[in-house]
Amino acid sequence: MYVEMKGINKNFGSYEAAKDISFRVDQGHLAALLGPSGSGKTTILRMIAGLEQQDSGDVIVDGNVVNHIPAKERGIGFVFQNYALFRHMTVFENIAFGLRVQKKGKKEIRDRVMELVELVGLEGMHKRYPHQLSGGQRQRVAFARALAPKPQLLLLDEPFAAIDAKVRKELRVWLKEMIAQVGITSLFVTHDQEEAVAVADEIMIINEGRLEQMGKPVEIYKKPKTSFVAQFIGTSAVLDDFDGFKGFEEVPKGRKAIVRPEFVEAFKNDNEKVRSLIPAAEKGVITDISFRGSTLELTLEVNGISLTTNRSLERRHVEIGEEMCVLIYRAYILEEDDTTVYKNQMLKGVDVEAL
Amino acid sequence: MREEMRDRGRQDGLSPKQGEGGGEMAFGNGDGQKSGQKGIVPILLIAVGVLFFLVMLVLPLVEVIYRSLKDGLESYMNAVTAENTIAALKVTLIAAVIALAVNTFFGLCASWLLTKFEFPGKHVLSVLIDIPFSISPVIAGLAYIMTFGRMGWATPIVEQINEWLGTDISLVFSIPGVVLATIFVTFPFVSRELIPVMQAQGSKEEEAAVMLGARGLTIFRKVTFPHIKWALLYGIILCAARAFGEFGAVYAVSKARGKTFTLPLEIDALYMAGSADSITQAFAVSSLLVALAIIILILKQIVEYCGKDNR
Ligand SMILES: Nc1ncnc2c1ncn2[C@@H]1O[C@H](COP(=O)(O)OP(=O)(O)O)[C@@H](O)[C@H]1O
Ligand SMILES: [Mg+2]
């Protein structure tokens, strides 16, 4: 089953929560709606579910426009933020709820619930109440409950937000595998880009109610279409005036630019191996060094602009105040509503990847 | 509560006051815990609290019991089993039971509407529900007379309906009138108890139930109700206390002693008769209301206790 939104608009009073949103998630895919808090992700999910009615546009499920089908008849599984488990029901009753509503037989319900309890790894806990479970276990119950009536589409709102950081990564992998195993088309909401990249096949970037870009994580990373995406994805600082750098003479003056740490390389002036690159490099002075777990993050001042780069701990020792050669491979130059990738012209013909 | 009764200063200590009494006691206890630390202020506060409690609540109640039994058990029984008293008790119970049923239903509907849905005019409805709290019950009663009385604009409509149904129902100076007045003054109790609970709960679980395919009624029975049952019962109990004790609104629409008088009206009538006998009888009948009040107080405590466990 696939799901599609076509030209969806939604206002809350005078506030535009969704502006002309169109996208499609194909059968069996796992997509993420990624955007800052308040950007309208939950609203989009709720419109697909039928919990919120769009002002205009169509929600299409498997080729059928479902605009006027009430939520309870859409047959969509929904995992709520904070799970919204039925507090006064046991795990078993929570999962059984959707089946009881369908008036399934006793044995059928029991079999299906126990199958799901096993699937989500909660064996022996089906008699517990939600308050007797950890965050991760609750999420599993919410997931099993949503899957019980065998929906064709699963929507998850910030499924990891209520879980502490340690378990989150584990659950991420678990959920991805689980969804692949069940083979259900899924769409989840998150404000955490790392999470979106780790879990989703496709990412949709939402900002102020608009769909900024949709694509595979790597595509979005490599070719951000809008300045918002360029800034939101990856760790990036915006440089107000990217001007006068070697190799970037073509860049129009006075443009904003984004130079990610991985676009920058710093090496000592006496580095023999990269002598051939020195003409393409600028001079910079280290203003800050911080330890980032497995690498050092260097901040360098180049032409009056601060750039950051990561440096392996295996390389030679560096100090604050030291002068380095700074090579910029690439930069995103921001225009009104677009970004262009500029490469360092002086590196033409040099095999940068081999460095 | 019950401004007009306080003004007359005769029936202090009847049922609705019981609620306030409980509150006062709790206040005293709170101070008591702190009195472990030395100091004159807590002791003073306790003294004031206890004194207030004694003078305002305990003494009047003791007085009611004492006075009602002053002429012996036989005259007490005579007063309690008098024709008028039995009739008044019946009317009181009928009015209270119907008011409870109606207000439980509408209270549930109103709180459900106000907490789980967004619609235009929501604030207006929320304010309207509270009207009986802010309007003097006498005015409510008078408003019924204006509307349904002989000169009232709605009277032709009621007569028309009576004609169609072949009935002879009159809405003022009759039992239906008493019931309506009681419903009016007890209207907000259930919803005012439910709304905070339902608001705190939000509508997430209901939405989860919707996504699992449940219908409105199923959602109410299986998801909403278990969370609100204690608050609902509590609201019903408060509603009952008020219904038993209501004076002003009923006074306005009920003029026939022995037919449409409720217990508070009967007590008033006995007391106003002014003879030593009738005053004793008034106290005897009052003791019935006190008994009802005590039952309600006990139920209220039980519900509060159970509700705490279940939240
Ligand atoms: N029921 C509502 N009424 C009014 N405004 C709302 C409502 N729901 C959401 N909004 C507003 O719409 C915007 C988007 O909300 P939401 O979809 O929850 O964002 P996100 O999930 O991306 O954090 C927010 O500014 C929020 O305040
Ligand atoms: Mg959200």
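What you see is a predicted model, and the numbers here were worked out from it, not measured in a lab. Heavy-atom basis, side chains included; hydrogens, waters and symmetry copies ignored. Sequence lines set the chain letters: A, B, ... in the order given, protein chains first and strands last, and positions in each chain run from 1.
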Decide yes or no for [X] and [Y]: does some side-chain heavy atom of the first lie under 4.5 Å from some side-chain heavy atom of the second?
| X | Y | value |
| --- | --- | --- |
| A/F97 | B/V223 | yes |
| A/F86 | B/K222 | no |
| A/K72 | B/M211 | no |

Should we count NZ of B/K122 as having more than 12 external heavy atoms under 6.0 Å?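 Count over threshold, so yes.
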Of the backbone (N, CA, C, O) and the side chain (C-beta and beyond), which part of A/R46 lies under 4.5 Å from a heavy atom of chain B, both, or neither?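 Contact with chain B is through the side chain of A/R46 alone.
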Under a 4.5 Å heavy-atom cut-off, does chain B meet the side chain of A/L85, its backbone, both or neither?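 The backbone, not the side chain.
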With B/E206, which residues qualify under salt bridge (charged side-chain N to carboxylate O under 4.0 Å, His left out), at least two apart?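 Residues passing salt bridge (charged side-chain N to carboxylate O under 4.0 Å, His left out) with B/E206: B/K116.
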What residues of [range] sit under 4.5 Å from chain B when only non-hydrogen atoms are counted?
| range | value |
| --- | --- |
| residues 112-134 of chain A | none |
| residues 13-26 of chain A | none |
| residues 47-56 of chain A | A/A49, A/L51 |

What verdict does the side-chain contact (heavy atoms from CB on, under 4.5 Å) test give for B/H227 and A/R87, after you've listed the backbone C-alpha separation in whole Å, the side-chain angles of each residue and the deciding distance to 0.1 Å? CA-CA 9 Å; B/H227 291 305; A/R87 281 173 298 161; 3.2 Å; yes
Drop me the distance from [X]'s [atom1] to [Y]'s [atom2], to the nearest 0.5 angstrom.
| X | Y | atom1 | atom2 | answer |
| --- | --- | --- | --- | --- |
| A/H88 | B/E205 | NE2 | CD | 7.0 Å |
| A/F12 | B/E118 | CZ | CD | 10.0 Å |
| B/L212 | A/I76 | CG | CD1 | 12.5 Å |

Shortest non-hydrogen contact between A/A84 and B/A208, atoms and distance: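 Looking at all heavy atoms of both residues, the shortest contact is O-CB, 3.9 Å.
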